[in-house]
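Encoded as structure tokens, the structure appears first; notes follow it.
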Amino acid sequence: MSSDKNIFVSKVGAILAAAGSAVGLGNVWRFPTETGTNGGAAFLLIYVFFMLLLAMPIMVTEFVIGRHGGSDVTDSFLKMSGGRKGWKWMGLLPVVSGFLVLSYYSVVAGWTLHYAFEALMNGFAGKTSDEFTADFAAFSSDSLMPVCWTALIIAMTCGIVALGVQRGIERGSKIMMPLLFVFILVLVVCSLSLPNASLGLQFLFQPDFSKVTGSVILSAMGQAFFSLSVGLGCLCTYACYFRKDVDLMKDGINVASIDTLVALLSGLIIFPAVYSIQGLQPDAGPSLVFVTLPNVFQQVFGGIPVLAYLFSLIFYLLLVMAALTSSISMLEMSVAYFHKNLHLSRPLAAVLVSVVCMFLATFCSWSFGDWKDVTLFGMGFFDLFDFLVAKLIMPVGGMLMCIFLGWVVDEKVFRAEMTNNGTLRSPLYPTFRFIIRYLAPLCIFLIFANELGLFNFFTEA
Ligand code: PHE
């Protein structure tokens, strides 16, 4: 699998591919949604804290395991476990979670593609805020259209993965990511210039700690993991394509910084706009971003229709691309496994996984419409998949990876990967090792224990 063809040719390619997986709808859609429903600033602070303490170190942990193992997750864990065979079961983590995460992520990516199409057809022109809200409700609850857009996204993802890692992923990320960043910056400036923008800033930056409950903490942890794509073995799978001279720690810090910045900037677009547009609420849930953004385009550029048209079209296209670089990494997790372990060709593995995901995605999409009342553990399919991935599998997976690297893997291997065999100074290594061995696993354990009611640091509201 780590044949030359698949090694990222440049160091920048490695960063960009990891950043491409990290930056996506998790930042632009899920972050504002979660921040809005969890009360704003206090959630944001806890999220940033978890980003530093948990998600970023676990990202580097995945890099270390992936690059040293040099193979798919099963083999990497087996190779580094010093004969403790039980760890090979970690290989199932990316396979199972790959299916789950792609199945619901592709629904939101499908919505994004639909909005890009609407932008292309000039469908936003002259609409009011109420119309945008009604349009989204009608579209997302339809039983056919969202499923078709989702199918298109899955087909595109499948096509790129079948073509192979390097060609598909590296090239795309290099051009789109910086462009998306520029567009987001422009939108932040526009959004901040809207009336009542300061109320949005207050919501985002003035913490009200009385709103912090156990579930807010769990959500903030889930968002940090989801946003960086960590805890599932996705980045392990990528890191086996990394060159030996990539500075894993530096890359981890860079990717986490870019990712957090994009999330923050998305918040700076959405919340000022929410408070300036009549009828919108920060806790609207999954519809928040899809209703707010078209409003922003109309309000800001409405006077110059060509500008509104071009800007919204390019923005949505970039967002689709960002979603694709993430969904590619999701599909890659399962495809790498089937390719390696069942000896299926990459294209065949990609097609098989995609077909199964399409089935599951249909159920997720219907949970916004006809299947609204079909619930399991009190949640519709979409919410259930999201819960399982972000609030259960990612933190548990992350904790196991920390225990593995901190306690099972030989310290010499750990140090050698962090310092590139002694050629790099890595002054943060001791701190980092301390976090991986003690702080991160303990913190994740305590958050779960609190949720399970073993003690009550933060009671539910
Ligand atoms: N981090 C990605 C995003 O923000 C989502 C993702 C989750 C990608 C898990 C891969 C694995 O959109």
Side-chain angles (χ1 to χ4, degrees), residues 16-35 47 50-51 54-56 58-59 62-63 66 73 93-113 153-154 157 160-161 165 169 172-173 176-177 180-181 184 220-239 252 255-267 286 289 318-337 353 357 385-398 401:
L16 279 174
S21 166
V23 177
L25 297 173
N27 310 64
V28 181
W29 165 77
R30 200 177 185 282
F31 172 77
T33 305
E34 289 284 296
T35 309
Y47 157 78
F50 285 148
M51 204 64 170
L54 302 176
M56 194 271 285
I58 294 177
M59 171 174 248
E62 288 206 27
F63 286 168
V73 180
L93 183 73
V95 197
V96 175
S97 47
F99 280 104
L100 286 178
V101 70
L102 181 59
S103 300
Y104 81 93
Y105 192 86
S106 58
V107 173
V108 187
W111 295 348
T112 315
L113 191 56
I153 283 285
I154 294 186
T157 309
I160 301 170
V161 169
V165 172
I169 301 168
S173 309
M176 295 148 19
M177 299 257 306
L180 179 65
F181 196 76
I184 286 181
M221 175 168 72
Q223 178 56 26
F225 278 90
F226 188 87
S227 194
L228 268 197
S229 321
V230 296
L232 304 180
C234 170
L235 298 170
C236 278
T237 316
Y238 266 23
V255 174
S257 310
I258 297 171
D259 190 76
T260 311
L261 190 63
V262 175
L264 272 176
L265 292 175
S266 302
V289 171
L318 288 171
L319 208 53
V320 168
M321 306 268 217
L324 274 176
T325 51
S326 299
S327 61
I328 289 164
S329 70
M330 294 170 187
L331 184 58
E332 180 66 33
M333 294 193 265
S334 324
V335 168
Y337 181 89
V353 177
C357 283
F385 279 31
D386 183 61
F387 179 87
L388 286 176
V389 170
K391 296 184 188 160
L392 194 66
I393 303 180
M394 285 180 148
V396 172
M401 286 179 198

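Just follow the structure's listing: the first ligand is 1, and inside any ligand the first atom is 1. The model shown is predicted, which means the values in this text are computed figures rather than measured ones.
Of the protein's non-hydrogen atoms, the one nearest atom 6 (C) of ligand 1 is M330 CE, 3.4 Å.
Of all heavy-atom pairs between L319 and L180, the closest is N-CD1, 4.3 Å. In terms of heavy atoms, Y47 sits closest to A263 at OH-CB, 3.7 Å. The heavy-atom pair separating A22 from V255 by the smallest distance is CB-CG1, 4.0 Å. Of all heavy-atom pairs spanning N27 and V23, the tightest one is OD1-CA, 3.4 Å. Counting all heavy atoms, side chain and backbone alike, M221 lies closest to L54 at SD-CD1, 3.8 Å. Nearest heavy-atom pair across V353 and F99 is CG1-CE2, 3.6 Å.
Those atoms of ligand 1 with a heavy atom of S326 less than 4.0 angstrom away are 2 (C), 3 (C), 12 (O). Residue-ligand proximity, L25 to ligand 1, at heavy-atom distances under 4.0 Å covers atoms 12 (O). Listed by number with element, the atoms of ligand 1 under 4.0 Å from a non-hydrogen atom of N27 are 4 (O). The S329 neighbourhood of ligand 1 comprises atoms 8 (C), 10 (C), with distances under 4.0 Å to a heavy atom of that residue. Each of the atoms 3 (C), 5 (C), 12 (O) of ligand 1 lies under 4.0 Å from some heavy atom of Y105.
Judged by the shortest distance from any of its heavy atoms, M394 lies inside the 4.0 Å radius around the atoms of ligand 1. W29 does not count as a contact of ligand 1, since none of its heavy atoms falls under 4.0 Å from the ligand.
Residue contacts with ligand 1, taken as heavy atom pairs separated by less than 4.0 Å, involve F226 via backbone and side-chain atoms alike. When heavy-atom distances to ligand 1 are checked against a 4.0 Å cut-off, A22 comes that close only through its backbone atoms N, CA, C and O.
Here the shortest heavy-atom distance to atom 8 (C) of ligand 1, taken over A323, S227, S327, S229, belongs to S229. Of the candidates G20, S21, G26, it is S21 that places a heavy atom closest to atom 2 (C) of ligand 1.
One side chain, S227 or D259, offers a donor N or O that lies under 3.5 Å from an acceptor on the other.
Note that CD of E332 is 8.5 Å distant from SG of C234, once rounded to the nearest 0.5 Å.
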